[in-house]
Trainee: 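Just dropping this structure here.
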Amino acid sequence: MSYFPLARQLAYFIANNDIRSSLYQTMTQEHSPGMLKDIFDGSVYKELKPSLFSNQSMDDLDLAVSLFIDGFAPFKGGNSKMTIVHIVYLFFFNISRYKKKNMLQVSIIPADHTGNLYSFLKPLMNELFILENAGMEVKFPNGSVKVKVHLLLASGDIAGIQELIQHSGHNSTYGCRQCHIETVSSISPAGRGNGRYYTGTVDMPQEGSDDEFKNGNEEFGIAKATEFAKLKSFHGSSFFGLDEMHLIGANVTKKLWSMISGDFETDVNTTIRLPKQKCLKIGSALVESGRTIPSSIFEGSFRGADVVYLRSIDVSRKAGLMRSVDWIMFLQIVVPTLVFENLVDIYTANSEQVQALMSLVIRCTLALLWEIDGDDIANIEENLHVWHLHMMNNVDKNMYTVNFHYLRHIHTICSKLGPLRAYRFFKRHIKQRVLPGANAANIIKRQLLLRTFERVYGEEEVLDDAEEPENFYVIQPTANIENFENDIGEEFDSGNESEEGAESDNGDSSDEEGDEEDDELPSVDQVELWDIQFSTLDAFSKYNLERYVKKYWHNYFPDNRVRRSTLDQNIRVGKRLFKIDTIYRCQEFASTAKKMDTLVKLRLRIKVGAWATYFGELILFFTHTYEGVKIYGNLQMTKYGTSPRAMKTGVPYGHRTGENTSRSDKFYVVHASNIRGYAGLLKSSLHPDRYYVVYPEMIPGDITLGKISKI
């Protein structure tokens with residue numbers, strides 16, 4: 001095996017002044033009450049804070065980390081298998097903690113370790129005990145800092161965690177590591193031998209106690225105590241968390257598609273099975289939608305972050321090529337659209353299985369959000385219960401695998417540890433057939449050296465040269481967004497502010513009223529206009545730009561000053577727009593990729609106190625002093641429900657021509673702050689000319705679709 005000392009890696013990291021300052025800010029930051037944005041908002045951290053994280057200062061820090069363990073094969077078809085151990089700094093927020101430079105790889109272990117994983121983990125466990133008790137002192141040129149480190153989470157795939165807790169495994173009588181559910185024996189779907197399944201009862205089984213991990217409990221499958229239970233930060237079954245990439249991605253959604261496509265050797269009742277021809281059409285529609293769902297839509301052009309996107313893979317023929325992240329996107333985007341429409345076609349929108357499947361999608365998608373609150377957790381639990389009852393009462397018991405059961409624990413884990421988030425690492429680099437263990441160690445050594453060099457010499461992450469703007473114009477957050485509900489008065493006289501515009505096309509959205517009463521306003525994040533040039537309104541007369549700019553300003557002011565005045569003809573035009581971590585493109589300066597990457601989700605004010613969701617294409621980015629988007633028409637929401645009188649809304653769709661147009665489309669000028677993110681079009685596999693409007697973190701029923709007549 002190879003081991004790379006944790007303390008030494010931490011010391012190099014903490015010696016960086018900027019990083020040390022960031023650590024202090026993170027560990028002392030107050031969080032919004034009621035909102036769960038991170039592990040520090042969960043009940044576990046709050047309970048541990050008085051004893052382990054109470055006294056934070058720039059020269060005395062208590063830091064939180066997590067451990068992830070995963071077994072893998074370095075290449076397909078080979079016999080070599082390994083286990084890699086990662087340490088993640090929890091003091092970085094959100095996506096930042098999953099950047100490669102902010103993760104540590106401490107060990108590469110041979111997978112064949114005769115069931116005694118702790119003999120290989122002993123160096124790490126020794127360091128963890130020292131770091132949480134005595135800590136260490138990190139010295140640097142202008143001072144030193146005392147640091148203690150506490151492990152808050154040890155997670156991984158089911159097999160890896162099974163070894164960490166000395167558990168008999170998910171194929172035993174009590175196969176859940178979280179609770180005391182008693183499994184049932186049944187013939188496997190493959191027809192070869194019996195397996196253990198988790199149908200359970202209406203109520204949740206009793207949760208395992210902390211003492212079971214500290215002392216062992218053979219009755220419930222824990223052979224002996226886990227070493228992690230000796231840590232001060234140990235908090236019972238939740239200490240081992242739930243990894244959504246293995247759980248929701250590689251297992252639940254993959255199994256779900258097998259239930260839909262009927263990919264079993266025995267006759268199994270899944271209640272959601274589709275004929276082979278429909279499955280083939282779903283796969284074809286995914287491939288055909290490749291141009292209208294480019295990867296950049298779901299990547300969001302994130303700078304310096306790992307990305308998730310929907311690949312146009314024919315899932316009906318090549319499901320084996322799907323990765324965990326692909327399966328997650330499949331659940332969020334394809335199941336509530338293409339799978340939904342075909343299930344409705346066979347079983348009707350009022351069927352119990354359609355309701356149950358949409359409940360599963362809602363529940364999993366909520367669990368995948370970066371921010372959730374108490375209402376979301378209650379919603380997760382409620383929707384999960386609908387799916388559980390359907391599985392328990394209607395589906396053959398050999399479909400109810402351990403992963404479907406673990407879904408029942410997600411709301412509890414979220415309450416204790418905050419929202420679940422994806423985790424990725426670079427095992428794809430380890431492909432050498434000769435001495436793969438040594439090669440894996442060399443890969444990690446190289447990564448450690450590069451990261452240390454970057455931190456010592458202060459290298460900053462930058463965009464690739466191809467993405468760097470030649471010049472840019474910073475548009476500061478404007479006060480009119482916050483004062484939009486009130487009389488603006490003379491605060492915005494001519495020349496006082498510069499406003500961002502984008503040409504966009506939305507139509508009347510069926511029977512939806514489109515009035516969403518809430519206090520949510522457009523974001524006021526700093527926006528940058530990239531690759532700018534000076535121009536005039538007349539130069540874009542093909543869009544009738546002056547007319548729409550005048551309408552935009554008239555809507556902003558409570559009087560008729562705009563109609564009585566002459567607009568300044570000068571504008572700044574940009575080829576790209578940068579907002580938060582996303583680079584947007586417009587049709588006027590299209591990207592070289594022959595894919596649609598200009599469709600976005602918008603939030604627009606339709607009257608005082610009311611906002612609604614629209615979808616439109618970005619035509620042009622520009623700024624205009626005093627002081628464009630094509631809003632999509634003919635959009636409506638899918639509907640389903642067990643009662644015709646209480647139908648629920650699903651996701652937006654509309655009919656588009658082969659040139660992606662509709663007679664209901666409408667040009668409109670909006671502020672860049674109204675842009676809520678990219679969107680894409682997913683072609684229907686059942687209805688001609690129907691396209692579903694899809695977007696990242698799409699949750700059925702989460703938007704009120706606005707009528708085009710309201711704007």
Side-chain angles (χ1 to χ4, degrees), residues 1-10 12-13 65-90 92 97-128 149 151-165 167 226-228 239-247 249-251 306 323-325 420-452:
M1 66 167 289
S2 297
Y3 183 73
F4 308 92
L6 174 61
R8 182 175 296 179
Q9 294 192 59
L10 281 169
Y12 278 120
F13 201 87
V65 299
S66 65
L67 177 147
F68 191 95
I69 186 168
D70 186 55
F72 68 97
F75 48 84
K76 292 183 179 179
N79 295 321
S80 297
K81 294 183 179 179
M82 301 177 221
T83 298
I84 191 167
V85 181
H86 302 262
I87 294 291
V88 180
Y89 298 117
L90 295 177
F92 285 108
R97 71 174 51 139
Y98 300 122
K99 295 178 182 178
K100 291 179 183 177
K101 72 172 188 176
N102 293 335
M103 294 190 295
L104 303 180
Q105 288 70 45
V106 293
S107 187
I108 292 283
I109 301 171
D112 184 15
H113 36 68
T114 63
N116 191 6
L117 179 63
Y118 278 105
S119 66
F120 293 91
L121 290 178
K122 188 172 183 179
L124 175 61
M125 297 304 301
N126 287 342
E127 282 202 276
L128 288 173
V149 180
L151 186 71
L152 290 188
L153 176 71
S155 191
D157 58 358
I158 291 178
I161 299 302
Q162 172 185 320
E163 286 194 85
L164 290 183
I165 64 175
H167 193 266
T226 171
E227 290 295 306
F228 288 100
F239 185 83
F240 303 101
L242 290 172
D243 172 55
E244 61 194 63
M245 296 301 285
H246 287 101
L247 177 59
N251 289 291
D306 289 337
R323 307 162 301 173
S324 294
V325 291
L420 307 174
R421 277 319 303 163
Y423 187 96
R424 302 173 188 84
F425 36 89
F426 54 83
K427 60 187 179 186
R428 63 184 179 274
H429 293 300
I430 306 170
K431 296 180 179 178
Q432 185 169 304
R433 291 182 175 270
V434 180
L435 298 176
N439 180 57
N442 289 334
I443 290 287
I444 289 183
K445 288 177 184 176
R446 184 177 69 198
Q447 293 287 338
L448 297 180
L449 288 170
L450 289 173
R451 293 172 199 165
T452 301

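Numbers for residues simply follow the sequence, beginning at 1. Remember, it's a predicted structure, so these values are computed and weren't measured experimentally.
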Trainee: Minimum heavy-atom separation for Tyr89 to Leu10, with atom names?
Mentor: CE2-CD2, 3.0 Å
Trainee: Looking at Gln9 and Phe4, would you say the former's side chain and the latter's main chain have a donor-acceptor pair under 3.5 Å?
Mentor: yes
Trainee: Looking at CD1 of Ile161 and OG1 of Thr226, how far apart are the two atoms once the value is rounded to the nearest 0.5 Å?
Mentor: 9.5 Å
Trainee: Rounded to the nearest 0.5 Å, how far apart are CG of Leu90 and OG of Ser66?
Mentor: 4.0 Å
Trainee: Can you find a pair of side-chain heavy atoms, one from Val106 and one from Leu67, that are under 4.5 Å apart?
Mentor: no
Trainee: Report yes if some heavy atom in the side chain of Val88 is under 4.5 Å from a heavy atom in the side chain of Leu153; otherwise report no.
Mentor: no
Trainee: Where do Gly241 and Ser155 come nearest, in terms of heavy atoms and distance?
Mentor: C-OG, 4.2 Å
Trainee: Is it the case that the side chain of Tyr3 and the backbone of Ile108 share a donor-acceptor pair, with hydrogens and angles ignored and the cut-off at 3.5 Å?
Mentor: no
Trainee: Check Tyr118 against Glu163 and note the closest heavy-atom contact, atom names and distance.
Mentor: CE1-O, 4.0 Å
Trainee: Rounded at 0.5 Å granularity, tell me how far CG in Leu6 sits from OG in Ser107.
Mentor: 11.5 Å
Trainee: Quick one: sort the Phe240 and Phe228 rings into parallel, tilted or perpendicular, breaks at 30° and 60°.
Mentor: perpendicular
Trainee: If you compare all heavy atoms of Phe120 against all heavy atoms of Ile109, which two are closest, and at what distance to 0.1 Å?
Mentor: CG-CG2, 3.6 Å
Trainee: What distance do Met245 atom CE and Leu420 atom CG have between them, rounded to the nearest 0.5 Å?
Mentor: 12.0 Å
Trainee: When rounded to the nearest 0.5 angstrom, what distance separates CD1 in Ile158 from CG in Leu247?
Mentor: 7.0 Å
Trainee: First locate atom CD of Glu227, then atom CG of Asn126, and finally report the distance between them rounded to the nearest 0.5 Å.
Mentor: 9.5 Å
Trainee: Treating Glu127 as the side-chain partner and Pro5 as the backbone partner, does any N or O pair qualify as donor plus acceptor under 3.5 Å?
Mentor: no
Trainee: Any side-chain heavy atom of Phe68 sitting closer than 4.5 Å to one from Val85?
Mentor: no
